[in-house]
Amino acid sequence: MSIVFRPGPGRFISNTYFEAGTVVAGPEGDWLNLYEPKTVRRLIQIAAACGELPTEPGTREVDGWYLYEASMAAQRAEA
């Protein structure tokens, strides 16, 4: 499984201005750093709870923005 974040309106990924591994969305500018182990683990746990983990061999892409809001809520709860 690959969790993929693609840039779009109001959605940014780090290529220049932000530090590496950062994805940013929303008018509030909430952000996730994909290099932090807790962030990746949290995304995988949320994907599993949503039934997004693959059940067959092969590579499957999951839209990371689909998991973003739940991940941000979990991150705020941990703070």
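Sequence positions, counted from 1, serve as the residue numbers for this chain.
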Summary of salt bridge (Lys or Arg N to Asp or Glu O under 4.0 Å) pairs that have at least one residue in residues 62-75, sequence neighbours excluded: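 Non-adjacent pairs meeting salt bridge (Lys or Arg N to Asp or Glu O under 4.0 Å): zero.
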
Main-chain N/O of N33 paired to T39 side chain as donor or acceptor, under 3.5 Å: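 Yes.
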
Spacing of CD belonging to Q75 relative to CD belonging to E36, to within rounding of 0.5 Å: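 Reported to 0.5 Å precision, the distance equals 7.0 Å.
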
Set of residues satisfying side-chain hydrogen bond (donor to acceptor under 3.5 Å, both in side chains) with respect to E56, sequence neighbours excluded: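 Here no residue qualifies.
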
For V40, side-chain contact (heavy atoms from CB on, under 4.5 Å) partners two or more places apart: I44

Partner residues of T55 under the side-chain contact (heavy atoms from CB on, under 4.5 Å) criterion, sequence neighbours left out: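 With neighbours one apart ignored, the set is empty.
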
Taking all heavy atoms of [X] and all of [Y], pick out the closest pair and write down the distance.
| X | Y | result |
| --- | --- | --- |
| I3 | G64 | CG2-CA, 3.6 Å |
| Y66 | C50 | OH-CB, 4.0 Å |
| I46 | A70 | CD1-C, 3.6 Å |

Atom CZ of R60: over 12 foreign heavy atoms under 6.0 Å: yes

Pairs where residues 40-49 contributes a residue and the test side chain to side chain donor-acceptor pair (under 3.5 Å) is met, not counting sequence neighbours: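 Counting only pairs at least two positions apart or across chains, the side chain to side chain donor-acceptor pair (under 3.5 Å) contacts touching residues 40-49 are R42-E78.
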
Single-linkage hydrophobic cluster, 4.5 Å side-chain cutoff, V4 and W31 together: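 Each belongs to a different hydrophobic cluster.
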
Flag side-chain contact, heavy atom, 4.5 Å: L43 against V62: no

Heavy-atom side-chain contact between Y68 and R11 under 4.5 Å: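 Answer no - side chains too far apart.
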
